[in-house]
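This chain uses plain numbering: 1 for the first residue, then up along the sequence. Quick caveat: nothing in here was measured; it's all calculated off a predicted structure.
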Amino acid sequence: MWSKCRWSTVMFSFLHRRSSVMSQTPPIVSVLPTRGLVDEKFKVLVENLPPGRPVTVRSLHHSDNGHYWEAFGFYTSDHRGTVNVSKDQSVGGTYTGKEPMGLLWSMCPVPGSHKGLRLRKLNMCSPMLVNISVHSGHEGFRDGAPLASVLVERWYMAPGVKRIDVQEKGLLGTLFLPPGPGPFPGILDLWGGGGGLVEYRSALLASHGFATMSLDYLSCGQPVFTYVETAFNFIKDHPQVIADRVGVVGLCLGSLPALYLAADSTVVKVVKQITSPLLLVSGCDDQNWPSFETAEDINQTMRAAGNDHLLSRLDYPDSGHLIEPPFSPHFRASTFVTTNKRKAMILWGGKTKPHSDAQEDSWRKILSFLQQHLCCSLNAKL
């Protein structure tokens, strides 16, 4: 009798433990969407955690030039065992507070990396791959295996966007055409003093419906202003571009030829004053160039000419020089390689959170400005 009862007790205990183990679902992390444009927000949700458990949610990216970048936030699961990055507060890490996209804009090189790195996508035909993972606790999370992870694709080129090398008329550039038959409004995209072809903003603008050409204007061996006029004409005359709906976007040194095209070039107009809408984006903590003061000078000049009604300004406190597409990491300083291959550490300025907010806000308003002045009047005619 004793043996029989003992066996029953042991069997019940075994079944109870087995049932308990089977009822425990492992943690999962999900991202929605797992594939999207780089300026598109995503939602990160961690489920099946024990209630009240401290965890670290981490992003990890291996860049095109071989460096590793990471961001992470410290969370505690709620009574249901979930962490919602879009709604919950991070209490530490590379960002704090409720920051749905902090896993991207607060990215920095992993410990032990070279100093002065800057994250820039080089190959537009492949996505930016980001591994989102959840780890137990807030310390030593890099040393152990994650509880769960998922791979996310972030694209500059939307499906159907065409990338075309341009080597006509002495030009060195890349043209990105939106999906569909066209014709499209056009944009000439001019980057800064580092030279070379910088394509990611052009690819993203094409993903929003603008035929956009990035241009290497510092390696041309020609007078810069003549060269950008040739590029402007190339876009204007392209069969898939609407000839009277072409704009110019410039950053850093690229803003000078952009202003030249708007104010002095006879290719764009015959009067030597700005007669087209102009949007100026300035970081008020720009440590590289007096952006805010330059915007003030342009404002006064246009007011004196009676055309300040054409000017729109976006001035961002605590933002630095490199105001890029949203969710791009902030760089207060980075290594800069000049056109003659000399290296220097350049101070750009800005504070990470305000600068990131400025990038998100300005990009939305830049797209709205371009759509208003290059698309809306066209739609009204149609």
- Message: I'd like to know whether CD of Gln222 has more than 12 heavy-atom contacts from other residues, nucleotides or ligands below 6.0 angstrom.
- Response: yes
* Using modelled atom types only, decide if a donor and an acceptor are shared between the side chain of Ser368 and the backbone of Arg364 within a distance under 3.5 Å. => no
Kindly indicate whether a cation-pi arrangement holds for Arg118 with Phe336, taking the cut-offs as under 6.0 Å to the six-membered ring centre and within 45° of the axis.
-> no
Checklist line | Any Glu153 side-chain heavy atom under 4.5 Å of Pro33 side chain | finding: no
The reported gap from CG in Leu119 to CG in Asn65 (rounded to nearest 0.5 angstrom) is 8.0 Å
Going by heavy atoms in the side chains, are Phe234 and Met213 under 4.5 Å from each other?
yes
Any donor-acceptor pair under 3.5 Å from Asp285 side chain to Asp318 backbone
no
Practice task
Output yes when a side-chain donor or acceptor of Ser291 lies under 3.5 Å from a complementary backbone atom of Gly283, and no otherwise.
Solution key: no
Sorted by chain and number, sequence neighbours left out, side-chain hydrogen bond (donor to acceptor under 3.5 Å, both in side chains) with Lys87 holds for none
Taken to the nearest 0.5 Å, the spacing of Leu172 CG from Gln167 CD works out to 6.5 Å
When rounded to the nearest 0.5 Å, the distance separating CD of Gln372 from OG of Ser312 is 7.5 Å
The side-chain contact (heavy atoms from CB on, under 4.5 Å) partner of Val31 among Ile132, Leu45, Val85, Leu151 is Ile132
Check: Do His208 and Leu370 have side chains that get closer than 4.5 Å, going by heavy atoms?
Finding: no
### Query
Do Lys115 and Thr335 get their side chains close enough for a donor-acceptor pair, meaning under 3.5 Å?
no
Those residues at least two apart in sequence (or on a different chain) that pass side-chain hydrogen bond (donor to acceptor under 3.5 Å, both in side chains) with His238 are none
Those residues at least two apart in sequence (or on a different chain) that pass side-chain hydrogen bond (donor to acceptor under 3.5 Å, both in side chains) with Asp88 are none
Closest non-hydrogen atoms of Pro257 and Val224, given as atom of the first, atom of the second and distance, are CB-CG1, 4.4 Å
*Evaluation steps, ring pair (Phe, Tyr, Trp, His ring centres under 6.0 Å), between Phe327 and Trp363*: CA-CA 10 Å; Phe327 319 130; Trp363 182 251; over 10 Å; no
| said: Given 3.5 Å as the limit, does a donor-acceptor pair link the side chain of Asn288 with the main chain of His321, or not? | reply: no
Next on the checklist: I'd like to know if Asp165 and Arg163 make a salt bridge, using a cut-off of under 4.0 Å between side-chain N and carboxylate O.
Outcome noted: yes
Open item on the list: For His62 and Tyr68, take the angle between the two ring planes, folded into 0 to 90°, and tell me which bin it lands in: parallel under 30, tilted 30 to 60, perpendicular over 60.
Closed with: parallel
Notebook entry, point to check: Side chain of Ser106, backbone of Leu103: donor and acceptor closer than 3.5 Å?
Noted result: no
* For the residue pair Tyr260 and Phe225, categorise the inter-ring angle as parallel (less than 30°), tilted (30 to 60°) or perpendicular (more than 60°). => parallel
Fill in: Polar side-chain atom of His355 near backbone of Leu322 as donor-acceptor pair, under 3.5 Å
yes
Worksheet item: Is the shortest side-chain N to carboxylate O distance from Glu229 to Lys236 below 4.0 Å?
Response: no
- Ignoring hydrogens and angles, state whether a donor on the side chain of Trp348 or Ser334 is under 3.5 Å from an acceptor on the partner side chain. yes
task = Is it possible for you to say whether Phe292 and Leu256 belong to one hydrophobic cluster, with membership spreading through side-chain heavy-atom contacts below 4.5 Å?
result = no
What one should report as the nearest heavy-atom pair of Ile28 and Ala148 is CA-CB, 3.9 Å
Yes or no on side-chain contact (heavy atoms from CB on, under 4.5 Å) for Tyr95 and Lys353, after CA distance, side-chain angles and deciding distance? CA-CA 8 Å; Tyr95 63 95; Lys353 169 60 176 166; over 6 Å; no
Q) With no hydrogens and no angle check, is any side-chain donor or acceptor of Arg154 less than 3.5 Å from a backbone partner on Val38? A) yes
Might you confirm whether atom CZ of Arg313 has over 12 heavy atoms from other residues, nucleotides or ligands at distances under 6.0 Å?
yes
Is a donor on one side and an acceptor on the other found under 3.5 Å between the side chain of Asn48 and the backbone of Pro26?
yes
Just wondering, do Leu147 and Val46 contact through their side chains at under 4.5 Å, heavy atoms? no
**Study point:** Check: Trp69 and Leu117 side chains under 4.5 Å, non-hydrogen atoms
**Key:** yes
In sequence, state the C-alpha distance, the side-chain angles, and the governing distance for Thr352 and Trp105, and then conclude on side-chain contact (heavy atoms from CB on, under 4.5 Å).
-> CA-CA 8 Å; Thr352 299; Trp105 60 252; 3.6 Å; yes
Hits for salt bridge (Lys or Arg N to Asp or Glu O under 4.0 Å) against Lys98, two or more places apart or cross-chain, chain-then-number order -> none
In this structure, CD of Glu70 is separated from CZ of Arg142 (nearest 0.5 Å) by 4.0 Å
The side-chain hydrogen bond (donor to acceptor under 3.5 Å, both in side chains) partners of Tyr227 (sequence neighbours excluded) come to none
Side chains of Ser133 and His135, donor plus acceptor under 3.5 Å: yes
Problem set entry | Verify same cluster id: Leu261, Val246 (apolar side-chain graph, 4.5 Å) | yes
The reported gap from CZ in Arg332 to NZ in Lys351 (rounded to nearest 0.5 angstrom) is 8.0 Å
Between Cys252 and Ser255 the two heavy atoms that sit nearest each other are O-OG, 2.6 Å
Note to self: When you group the ILVMFWY residues by side-chain heavy-atom contacts below 4.5 Å and let the links chain together, are Val152 and Met101 in the same group?
What the structure shows: yes
When you measure from the side chain of Ser207 to the backbone N and O of Ala158, does any donor-acceptor pair fall under 3.5 Å? yes
Checklist entry - Do Tyr75 and Asn84 have side chains that get closer than 4.5 Å, going by heavy atoms? => result no
List the steps, then state whether side-chain contact (heavy atoms from CB on, under 4.5 Å) holds for Met107 with Val130. CA-CA 11 Å; Met107 273 190 169; Val130 182; 3.9 Å; yes
Worksheet item: Do Ser202 and Thr174 come close enough that some side-chain heavy atom pair is under 4.5 Å?
Response: no
query = Would a hydrophobic clustering, with Ile, Leu, Val, Met, Phe, Trp and Tyr connected at side-chain separations under 4.5 Å, put Val91 with Phe72?
reply = yes
Legend entry - same_hphob_cluster(Met157, Leu367) at 4.5 Å side-chain heavy-atom cutoff: yes
Q | Worked verdict on Val281 versus Tyr316 for side-chain contact (heavy atoms from CB on, under 4.5 Å) | A | CA-CA 8 Å; Val281 181; Tyr316 293 102; 4.0 Å; yes
Worksheet entry | Backbone N/O of Leu122 and side chain of Asp64: donor-acceptor pair under 3.5 Å | yes
The side-chain contact (heavy atoms from CB on, under 4.5 Å) partners of Ser77 (sequence neighbours excluded) come to Leu49, Arg53, Val83
Please examine the side chains of Tyr156 and Glu199, heavy atoms only from C-beta on, and report whether any two atoms are closer than 4.5 Å. no
Between the CG atom in Leu279 and the CG atom in Leu314, the distance rounded to the nearest 0.5 Å is 5.0 Å
Closest non-hydrogen contact found for Ser214 with Phe176 is OG-CE1, 4.4 Å
